[in-house]
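See structure below.
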Amino acid sequence: MVRMSGGVAGTALAVVAAGFVGGLSGCGPSETAMGSGDAAQAVYVPPGEYDKYYLFTSGGFSGQLGVYGLPSGRLLKQVPIYSQWPENGWGYSEETKAMLNTSYGFIPWDDSHHPELSQTNGVPDGRWIFINGNNTPRIARVDLTTFETVEIIEIPNSAGNHASPFVTQNTEYTVAGTRFSVPTPQRDMPISDYKDNFVGMLSFVKVDSATGRMTLAFQVRMPGFDYDLSHSGKGPSHGWSFFTSYNSEQANTLLEVNASQKDKDFIAALHWKRAEECVAAGQVERLPSRYAHNYFNESHIAVSEMVNNSVVVTPATCPDMVYYLPTPKSPHGVDVDPSGELIAAGGKLATVIPVHSFSKMLAAIEAKDFEGTVSGIPVLRYEAVIAGEVQNPGLGPLHTEFDGKGFAYTTAFISSEIVKWSLETFTVVDRIPTYYSPGHLSIPGGDTRQPWGEYVISLNKITKDRYLPTGPELSQSAQLIDITGDKMRLLLDFPTVGEPHYAQALPASMISEQSVRAYPLESNKNPYATKTEGDAKVVRDGRTVHVYMTAIRTHFVPDNIEGVQVGDSVMFHVTNLEQDWDVPHGFAVLGARNSELLLMPGQTRTIVWVPQYEGVFPFYCTDFCSALHQEMQGYIRVSPRGSSVPISFNAR
Ligand code: RUQ
Ligand code: CUA
């Protein structure tokens, strides 16, 4: 038995290595592949049939969102969020560029960790999915009728938006806890003055229940720890949000050692309903802050607003708002069970899974059963709030999800396993190896009041020998595990795109039935839309040339465009006139230095082309749309600067 000791970093690494070798020799693929027709049958979705669940995975360093079907593990789509996506022009087209604006300017990349489905009454409602951007703190909202990112809000006074975007039970808020504490407001100061100067901001972003529109409601100024993960209360604990923190040592260097000194760090229990009262009563401070808020306007064109301040609530001026629950040791995940009573923490370096009781917490607050204060925030006595400790939970417990049948499932990163334990007895009842080193895990609805406890998906950080080698970089991996019986049963491995940190799943019918098939042409409000071929035209406006273009099987109008000059900005405004499901057209022009456009039926998008050379350049449809797709092409002539060739084009 390997024990976690003070010299944690070294020990942990050694254990990873040891566990790993064990993984390879002891339980290699031959032993674990079910090998039985059983498992194959369980994941087999016959050709032409649909999967039962959608699984949404974060793209990690790809910045995007992956969409898979379960149980097959088939990749259905990648939704572009924070990273430019040349496949459809996301972040390149004029209509979408502004979505990637930030207070630092245009940023075409981020690191996305946690997809979180919107909820009504604590149950996923299939309306939206939120996902955090880590590096430039942001939250994005994807509309699940179109699988399109429709809004991105930046989080000011924050750095490393990791504890995000977990929602409250009616999606009143999506939250954003800063992983890195920073000087707030930002200023030039010695890093060694970290302690008591750096702030850990916890932000609450209000979500409009009708439209989904996000606004930064308030931020809570907390001590300069690293806030890592979050989950909101539900049922009886609705109104509270819980944030794990590590580095309560407030170290600013060599955190692997210096932030692992204390036996316990904290979960911050934040009563956001109380914070709302303080905000309403004006017990706040207005902080100059600068952040971007990007969304689609009525014309479905992304616009970007810069906001200049934020409302900050401070524990000192809003008493009874926040308490610390001591939690061993450098906790990572914090997960609230379906009843809303139990709060499980994944202490990366802890030897047990501590499970706090919400009702005991309330009683301890009532009785002022504190063991001290940190920066004026009461620290509740551990023994007063703990409901139980799960012994022997595996090494490096990280994240927990629930099956709705009285059991919890926790990943153990170092010992590479998922451990199933009882919410009644806090004892481990089953364990299954995973390949290898799982981070998060996901049960459909597994962080809500109503899990669909059929599968758990293990999201593994390390793949090693599981698939055919692809050079030094291997894909990350998910594993589908059946949890309907007493014993967990491995069914399927499937590679994933990017690095899925977390994933969420829900029954497919909650989304598939409202999926949009085409955008109605008559409600296309893009000012550059061309709704009939007769309206297609080319118009010069100074050094800009607007091409109002239509696409339909199997031609573009206009064609044979002349009168363009070197150095002009040619704006191709292309409208797809189709109104059938699954008939996109693409548009690409030779020498374009951005990307193609991919146009959904009824949609208008614009790409700018600045010709650098004289000549005649082809453009064509990139999406094989019909038997005459290859014929879907045209030419544009580029004359020298100052040429007298007039604007002309072939119309219909
Ligand atoms: S993380 S492996 Cu959510 Cu970024 Cu835990
Ligand atoms: Cu349109 Cu190919």
Side-chain angles (χ1 to χ4, degrees), residues 16 57-63 110-116 131-135 137 160-166 175-180 226-231 243-244 246 330-335 344-348 396-401 410-414 416 418 434 436-442 447 457-462 476-478 496 498-504 549-557 559 574-578 580 582-588 596-601 603 618-634:
V16 175
T57 64
S58 67
F61 41 71
S62 86
D110 214 319
D111 176 22
S112 62
H113 285 215
H114 307 117
E116 173 86 349
I131 187 162
N132 64 323
N134 236 324
N135 188 52
N161 181 33
H162 195 259
S164 182
F166 305 95
V175 306
T178 192
R179 171 164 162 217
F180 309 112
D226 291 52
Y227 295 89
D228 206 11
L229 265 304
S230 172
H231 262 99
F243 294 84
T244 45
Y246 61 98
S330 297
H332 184 58
V334 53
D335 299 282
K348 297 185 293 266
L398 289 184
H399 295 284
T400 299
E401 294 245 311
T410 301
T411 47
F413 178 83
I414 297 171
S416 276
I418 289 178
T434 65
Y436 305 91
S437 302
H440 281 268
L441 74 179
S442 175
D447 75 338
I457 298 98
S458 178
L459 298 153
N460 305 318
K461 300 293 189 190
I462 296 173
Q476 318 274 320
S477 181
T496 52
E499 184 191 5
H501 288 252
Y502 185 39
Q504 289 209 333
M549 183 177 270
T550 60
I552 195 164
R553 282 162 290 181
T554 356
H555 52 263
F556 294 106
V557 185
D559 181 14
V574 190
T575 302
N576 180 349
L577 296 180
E578 309 278 356
D580 279 354
D582 199 20
V583 196
H585 292 288
F587 176 87
E596 70 159 350
L597 291 175
L598 193 65
L599 306 144
M600 295 307 122
Q603 188 177 52
F619 54 84
Y620 73 103
C621 173
T622 53
D623 190 309
F624 207 107
C625 50
S626 67
L628 294 176
H629 156 80
Q630 287 297 82
E631 281 70 12
M632 198 162 172
Q633 63 172 57

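Whatever order the structure lists ligands and atoms in, that order sets their numbers, starting from 1. Residues: numbered from 1 along the sequence shown. Heavy-atom basis, side chains included; hydrogens, waters and symmetry copies ignored.
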Problem set entry | Heavy-atom pair with the smallest gap, counting every atom of Met632 and Cys625 | SD-SG, 3.8 Å

Exercise. For residues Glu631 and His629, is any side-chain donor paired with an opposing acceptor at under 3.5 Å?
Worked result: no

Problem set entry | Residues Thr496 and Thr57: side-chain donor-acceptor under 3.5 angstrom | no

For this session: Have a look around atom 2 (Cu) of ligand 2 and list protein N/O/S atoms under 2.8 Å, or say none.
Result: Cys621 SG, Asp623 O, Cys625 SG, His629 ND1

For this session: Give the atoms of ligand 1, by number and element, whose distance to some non-hydrogen atom of Lys461 is under 4.0 Å.
Result: 2 (S)

Problem set entry | His440 ring center near His399 ring center (under 6.0 Å) | yes

Exercise. Is it true that the NZ or CZ of Lys348 lies under 6.0 Å from the centre of Tyr246's six-membered ring and within 45 degrees of the ring axis?
Worked result: yes

For this session: For Asn132 and Glu116, test the side chains for any donor-to-acceptor distance below 3.5 angstrom and give the result as yes or no.
Result: no

For this session: For atom 4 (Cu) of ligand 1, report each protein N, O or S atom nearer than 2.8 Å, sorted by chain and then by residue number.
Result: His113 ND1, His162 NE2

Exercise. Looking just at side-chain N and O atoms, do Tyr620 and Glu596 make a donor-acceptor pair shorter than 3.5 Å?
Worked result: no

Exercise. Measuring from Arg179:CZ to Tyr227:OH, what's the distance to the nearest 0.5 Å?
Worked result: 14.5 Å

Problem set entry | Aromatic ring proximity His113/Tyr502, centre distance under 6.0 Å | no

For this session: Hey, could you give me the CZ/NE2 distance between Phe243 and His162, rounded to the nearest 0.5 Å?
Result: 13.5 Å

Exercise. Numbering the atoms of ligand 1 from 1, which are under 4.0 Å from a heavy atom of His332?
Worked result: 1 (S), 2 (S), 5 (Cu)

